[in-house]
Amino acid sequence: MTGPGEAARATFRDVFAVGEFRALWLAQLLSVAGDQLARVAMTVLVYDRTHSPLWSALTFAVTFLPWIVGGLGLSGIADRKPRRQVMITCDLARMTLVCLMALVSTVVAASAALWVMVALLFLVTLLDSPFKSARSALVPDILAGEKYVLGTAVTQITFQLGMVSGFALGGLVVAGLGVRAALLTDAATFAVSALLIGVGVRRRPAAIDVAGAAASHPSQFAEMLTGARLVFGNVTLRRLMLFGWLVAFYVVPMGLAAPYAARFHRLPLAVATGLIFAAVPLGSIVGALVFSRAVAPARRQRWMGPMAVSSCGLLVLCVVQPGLIASLTIFAASGACAAYQIAANAAFVAAVPAERRGQAFGLANGGMQVSQGLWFIAAGAAAEAVSPAVVIAISGGLGAALAAALAMSSRPAAADR
């Protein structure tokens with residue numbers, strides 16, 4: 001996957017030597033940490049007022065379900081409009097919406113105000129689709145070959161690091177300062193992200209204009225169909241996308257974090273919830289570092305299947321109702337195995353035409369987000385009847401079975417390619 005004339009192995013120093021990537025990296029770290037802090041705030045707030053695993057999971061799912069609309073309907077904006085402009089606009093709009101959430105939180109004693117905040121959170125997440133599609137499509141223009149692979153690892157590590165810091169600190173901030181402070185911090189991260197992108201990323205024309213396709217002015221619906229046909233009609237792209245969608249099965253502990261944490265009485269609920277939220281991404285940081293540096297490029301795709309099976313299968317251990325430390329260890333190990341997503345992402349971008357990256361990434365990312373949201377709702381409903389630990393174990397078992405089926409189909413798919 002290296003470019004012409006490029007060294008077989010790049011280093012993280014090579015990646016961070018690119019100024020535009022540094023700006024995107026720092027912007028991502030800040031905004032992701034702020035987002036997770038807000039998620040902790042909302043999840044804890046809803047569970048504290050309803051004491052319902054289902055409503056807690058529904059609140060967390062609200063941050064994923066808008067991708068049903070955004071993944072297909074809005075991601076194409078990242079191809080039709082300059083990607084830098086799309087990211088800045090989304091950041092500023094989300095900053096405004098989160099400030100409104102903080103304002104509403106001052107009257108959160110009223111049940112209506114609580115659901116107004118959830119609705120605003122839905123809109124904030126809706127704008128995440130064009131932003132992430134634009135960012136994912138822009139990075140291959142900034143980094144090439146093995147640098148892109150390492151850049152993908154850095155992106156995943158940064159995302160997980162932002163989640164760890166946001167979740168872990170989020171529990172403390174919510175417990176000590178309250179929901180309003182957490183939301184205002186989230187709004188500030190969007191403002192700084194917009195500034196970093198505006199200053200550190202250079203202007204580029206819209207990708208479809210560059211490809212010469214703008215003159216035909218296809219309809220929004222036609223573009224959605226084109227993107228869907230591109231991804232679902234290609235055996236390799238479809239398989240890689242489905243590997244990505246397995247995330248729903250191994251991150252289900254995050255959807256049930258509050259009710260799972262409720263049985264550990266030695267810590268405040270917000271703190272225990274934040275630790276459970278942080279365990280999976282913390283493991284992912286370690287896994288991404290090891291996978292990107294210790295595994296040779298030629299072997300990464302061969303490791304996808306076994307690692308995907310392991311990331312889900314480890315959660316079956318939760319059936320024995322482990323204690324907090326054991327639970328955190330299981331979740332972290334599962335997250336470490338999820339580093340297979342680096343190989344899936346690199347192979348996916350290599351197979352997608354540059355002028356369709358935004359639409360393709362929007363569909364792939366949208367499926368990942370929607371599958372998580374829907375699975376969180378199902379898990380929350382199941383946790384009303386059985387313990388959250390049992391639900392997590394069942395989710396892991398199902399995910400491992402599907403991962404094994406995808407791994408078995410990889411050889412024929414590779415032959416087709």
I'd like to know if Arg204 pairs up with Glu20 as an ion pair, taking the criterion as any Lys NZ or Arg NE/NH1/NH2 lying under 4.0 Å from an Asp or Glu carboxylate oxygen.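 Result for this pair is yes, salt bridge flagged.
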
Between Asp128 and Arg94, is the closest basic N to carboxylate O distance under 4.0 Å?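 Looking at Arg94 and Asp128, the cut-off is met.
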
Using side-chain heavy atoms (C-beta onward) and a distance below 4.5 Å, is [X] in contact with [Y]?
X      : Y      : result
Phe190 : Leu92  : no
Leu127 : Leu97  : yes
Val286 : Leu282 : no
Leu120 : Val124 : no
Val290 : Val295 : no
Pro322 : Ile330 : yes
Leu30  : Ser193 : no
Met95  : Asp186 : no

Using the rule side chain to side chain contact (heavy atoms under 4.5 Å, CB included), only one of Thr155, Thr152, Leu143 pairs with Val15; which is it?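 Testing Val15 for a side chain to side chain contact (heavy atoms under 4.5 Å, CB included) against Thr155, Thr152, Leu143 leaves exactly one candidate, Leu143.
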
Please check this pair: side chain of [X] against backbone of [Y], looking for a donor-acceptor N/O pair closer than 3.5 Å.
X      : Y      : answer
Tyr340 : Phe243 : yes
Ser292 : Leu150 : no
Arg300 : Ala344 : no
Thr273 : Ala261 : no
Thr89  : Val86  : no
Thr185 : Ala181 : yes

Can you tell me how far the [atom1] atom of [X] sits from the [atom2] atom of [Y], to the nearest 0.5 Å?
X      : Y      : atom1 : atom2 : result
Arg83  : Leu138 : CZ    : CG    : 7.0 Å
Leu275 : Leu267 : CG    : CG    : 6.5 Å
Ile325 : Phe264 : CD1   : CZ    : 9.0 Å
Leu24  : Met87  : CG    : CE    : 5.0 Å
Ser136 : Asn345 : OG    : CG    : 7.0 Å
Arg238 : Leu406 : CZ    : CG    : 10.5 Å

Please list all pairs meeting ring pair (Phe, Tyr, Trp, His ring centres under 6.0 Å) that have one or both residues in residues 377-397, counting only residues at least two apart or in different chains.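 Every pair satisfying ring pair (Phe, Tyr, Trp, His ring centres under 6.0 Å) with a residue in residues 377-397: there are none.
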
What ring pair (Phe, Tyr, Trp, His ring centres under 6.0 Å) pairs are there with at least one residue in residues 308-339, not counting sequence neighbours?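 Non-adjacent pairs meeting ring pair (Phe, Tyr, Trp, His ring centres under 6.0 Å): Tyr260-Phe331.
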
Test Arg239 against Met304 for side chain to side chain contact (heavy atoms under 4.5 Å, CB included), laying out the working first. CA-CA 11 Å; Arg239 182 176 62 86; Met304 279 199 305; 3.9 Å; yes

Could you verify whether a donor N or O on one side chain and an acceptor N or O on the other, from Thr11 and Asp14, lie under 3.5 Å apart?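 Yes, Asp14 and Thr11 have a side-chain donor paired with an acceptor closer than 3.5 Å.
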
Give a yes-or-no answer on whether the side chains of Gln321 and Ser387 include a donor-acceptor pair shorter than 3.5 Å.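 Yes - a donor-acceptor pair under 3.5 Å links their side chains.
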
Could you label the plane-to-plane angle of the Phe21 and Phe16 rings as parallel, tilted or perpendicular, counting under 30° as parallel and over 60° as perpendicular?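 Answer is perpendicular, since the angle exceeds 60°.
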
In sequence, state the C-alpha distance, the side-chain angles, and the governing distance for Met307 and Phe291, and then conclude on side chain to side chain contact (heavy atoms under 4.5 Å, CB included). CA-CA 10 Å; Met307 290 180 69; Phe291 186 72; 3.6 Å; yes

Minimum heavy-atom separation for [X] and [Y], please, with both atom names.
X      : Y      : answer
Gly200 : Ala23  : CA-CB, 3.8 Å
Met117 : Leu183 : CE-CD1, 3.7 Å
Arg263 : Ser327 : NH2-OG, 4.2 Å
Asp91  : Ala194 : OD2-N, 3.3 Å
Val98  : Ala187 : CG1-N, 3.8 Å
Tyr250 : Val280 : O-CG2, 4.3 Å

Examine Trp375 together with Phe249 and report whether their ring centres are nearer than 6.0 Å.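 Centroid distance Trp375-Phe249: below 6.0 Å, so yes.
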
Between Met254 and Ile276, is a side chain to side chain contact (heavy atoms under 4.5 Å, CB included) present by the stated rule, with each step listed? CA-CA 7 Å; Met254 298 169 71; Ile276 293 170; over 6 Å; no

Counting only heavy atoms from other residues, nucleotides and ligands, does the tally under 6.0 Å from CH2 of Trp303 exceed 12?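 No, the 6.0 Å shell around CH2 holds no more than 12 heavy atoms from other groups.
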
Apply side chain to side chain contact (heavy atoms under 4.5 Å, CB included) to the pair Leu256 and Phe376, showing each step before the final yes or no. CA-CA 8 Å; Leu256 296 175; Phe376 287 156; over 6 Å; no

